[in-house]
Amino acid sequence: MTERILTTGNEAIGYGAIYAGCRHFFGYPITPQNQCTEFFARELPKVGGVFVQSESETASINMVYGAAGAGVRAMTSTASVGFSLMQEGISHIAMAELPCVVVDVQRGGPGMGTTQTAQMDYFQVTKGGGHGGYRNIVLAPDSVQECFDFIQLAFFLADKYRNLVFVLSDGIIAEMAESIELKTLEFDPLPEKDWALTGKAQRGGNRNFISCSNLLKRPTRDGLKALGDKYHEIEANEVRHERYMIDDADFILVAYGSSSRTSKEAVDMARAEGLKVGLIRPITLWPFPQETIKGLTSQAGRFLVIEDGLEQMVEDVRSAVEGKAQVHFLGGIARHEPGPGGMIFPDRIFEEVKRLI
Amino acid sequence: MKEKKREMEKVYGRPRLRKDLPLMYCPGCHYGIITSLVAEVIEELGIEGNTIGVSSVGCTFVTTQYFDLDFIDSAHGRSPAVATGIKHAHFGKPIVFTMQGDGDLAAIGMGCIINAINRFEKITTIFLNNAIYGTTGGQLAPTTLLGQKTTTTPNGRDPESAGFPIHIAEFFSNLKGISYSARCAVNTPANYNKARKSLKTAFQKQVDGVGYSIVEFLSACPGSWKLSPKDAMKRIADEMIPEYPLGEFKNVDNIT
């Protein structure tokens, strides 16, 4: 029998990592992901793992770089401000093609912003916050169960593609408690990490070399092609999204993370009044479910993007519809109160739907 | 006169762990000597199968190619954090060392290495101090001497605007987590032999799990100093050593 526990999104990330076989965590405290770092400090030593509190997020991500280069499953978690500090390391991981997992629990921004929930790091996670135009897979859980499941999926995808995978949470998902099923997910077999730094005695004296530069490991043009091909392969194979009441919908909401939970409730409110409203929830923010949204323009003339911040994901939806549908936006200014604790409630989304219809 | 055939015995050669590749360093640069010395010491200690090197940005970046060892390069100044990740990934078993220049270690990466030392990591750092930024064409380094002309201190380093030369080996010897801190040079056979001994001690401290160890090398950079290799060698004795005295600043077998 699988075990069920009541836990928070932040701790579910920790459980997920342990179930994924991750035994190395490097992190720095920052709100609202502190319970995540604390979980690893408390739990990893119990399963023979290593927790290191770094002096900064810059150091955390470079420790992850080193540990992943050494061939183990390693991760860090942070929140927006710390995530910005990691961008240098993330860009280097992209070039070195190391399988790493990074959790970003979004808070308000820009700058120090607020310590409470928001969805304002979309550009940074999906478009590459560092230099060089790399791509990272982004998984956006909307429940505590998905925090647990997606960390396992993140480690699988990271190893499969030798790529960095982000799990993009937010202050609400991080701190809410739900009942989850603790279960190891099954994935396809993965290739051996014969490239990892383990000391050359392990390989009969042949050295391994990992580089975050194209200068020493391969010709620049070959390097660009290799990365480009990999990104296209991920785009072709790894798009994930959830469809809710879509089949007959002529008005479609698009939302991810905590906003998709409130949007779902708004869909139910609309359906109760006979309105044909549905929801597309992108699960991978990159690769983005572009083709799905484009295909839906044949049945729906209006899309409403709900994002707890300023306009970010809405740009990808506008791009996906290719001018064949109207794209509207409901963002952070629709929160129920002006302070940092504000939220976009379902009735506010429903009100916007009715206004637009 | 009868010609006598002389049998020559090979007494010194390229260290086995230094790969036989054309040297990319400028003529008269000491990086080649120091790289070979590190390779020789690792071979002598018998730790090559279990040793992983980390380089950063600057001229140390190319050292990755010369070592026949597992190696990784990393972002500017971050190699002590990368080394930390590697060391912990294998639960403290491998011998991990970083190769860092003066801009890398003492400017952009100063916070990184101080915190790695203070976390009591068991890592060894080879610090190559040539008092200038070589790769980027001769700009001010934290270790540039007072009055020294660089492309960003065209009138010479003035402490009012550019601060003072920083003494890393002495500075780090004050940190609790340091087991060994020394400054060496390779400008004379005597100094070369002392450097060899220091390097060996530094790696041994890591093998024994005593603490962080660092060896600072005063290294010539004829290209950016705009001196001939011979004059650059002379400058080590005449100007660098008087500012940066050679010697051991910390050598302990136990840290509690």
Side-chain angles (χ1 to χ4, degrees), chain A residues 23-26 28 44 48-74 76 86-93 95-96 98 100 130-131 195-213 215-217, chain B residues 16-17 19 21 24 42 46-57 61-96 98 108-121 123:
Chain A
R23 293 293 178 271
H24 295 85
F25 180 93
F26 306 90
Y28 185 84
L44 265 189
V50 179
F51 166 85
V52 177
Q53 181 167 329
S54 68
E55 74 274 19
S56 69
E57 289 85 352
T58 304
S60 307
I61 192 73
N62 281 288
M63 290 172 188
V64 171
Y65 174 93
V72 301
R73 285 189 160 181
T76 183
M86 290 185 181
Q87 298 309 314
E88 172 200 64
I90 286 168
S91 174
H92 286 72
I93 288 168
M95 179 50 98
L98 291 175
C100 306
H131 62 282
W195 45 264
L197 305 175
T198 52
K200 64 177 192 162
Q202 310 277 332
R203 274 164 267 111
N206 295 316
R207 84 168 197 148
N208 274 346
F209 170 54
I210 295 172
S211 181
C212 53
S213 160
L215 289 173
L216 297 176
K217 67 174 177 178
Chain B
R16 191 168 48 79
L17 294 179
K19 291 165 85 180
L21 296 169
M24 283 160 74
I42 289 170
I47 54 174
E48 63 183 89
N50 193 31
T51 295
I52 300 168
V54 189
S55 75
S56 299
V57 168
F61 173 67
V62 293
T63 63
T64 55
Q65 293 313 288
Y66 296 115
F67 287 106
D68 189 14
L69 294 168
D70 272 12
F71 236 96
I72 186 167
D73 54 35
S74 60
H76 203 10
R78 317 294 180 220
S79 55
V82 176
T84 299
I86 295 169
K87 189 85 181 181
H88 287 288
H90 299 308
F91 301 100
K93 284 181 213 134
I95 302 302
V96 186
T98 71
I108 200 165
M110 187 68 117
C112 190
I113 190 163
I114 288 176
N115 280 286
I117 295 167
N118 198 48
R119 270 196 315 274
F120 205 20
E121 302 296 347
I123 292 167

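We use all heavy atoms of the structure for the numbers below, so side chains are in, but hydrogens, waters and symmetry mates are not. Quick caveat: nothing in here was measured; it's all calculated off a predicted structure.
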Intermediate values then yes/no, side chain to side chain contact (heavy atoms under 4.5 Å, CB included), S211(A) and M95(A): CA-CA 8 Å; S211(A) 181; M95(A) 179 50 98; over 6 Å; no

When L197(A), N206(A), V50(A) are compared by non-hydrogen pairs under 4.5 Å with chain B, the top option: L197(A)

Best-contacting candidate, I61(A), T198(A), L215(A), against chain B by heavy atom pairs under 4.5 angstrom: T198(A)

Options R119(B), H76(B), H90(B), ranked by heavy-atom pairs under 4.5 Å with chain A, top entry: H90(B)

Sequence-distant partners of S91(A), side chain to side chain contact (heavy atoms under 4.5 Å, CB included), two or more places apart: H131(A), Y134(A)

A68(A) versus chain B, the contacting section by heavy-atom distance below 4.5 Å: neither

Contact summary for A74(A) and F26(A), nearest pair of heavy atoms: CB-CE1, 4.2 Å

Between I114(B), L69(B), V54(B), I95(B), the one whose heavy-atom pairs under 4.5 Å with chain A are most numerous: L69(B)

Gap separating the OG atom of S60(A) from the CD atom of E55(A), nearest 0.5 angstrom: 7.5 Å

Ring pair (Phe, Tyr, Trp, His ring centres under 6.0 Å) involving F91(B) - partner list, sequence neighbours excluded: H24(A)

Audit row: T76(A), E57(A), side chain to side chain contact (heavy atoms under 4.5 Å, CB included) steps and yes/no: CA-CA 9 Å; T76(A) 183; E57(A) 289 85 352; over 6 Å; no

Per-residue contact mode, S213(A) against chain B (heavy atom under 4.5 angstrom): both

Between N50(B), N118(B), I52(B), the one whose heavy-atom pairs under 4.5 Å with chain A are most numerous: I52(B)

Contact origin within R203(A) toward chain B - heavy atom pairs under 4.5 Å: side chain

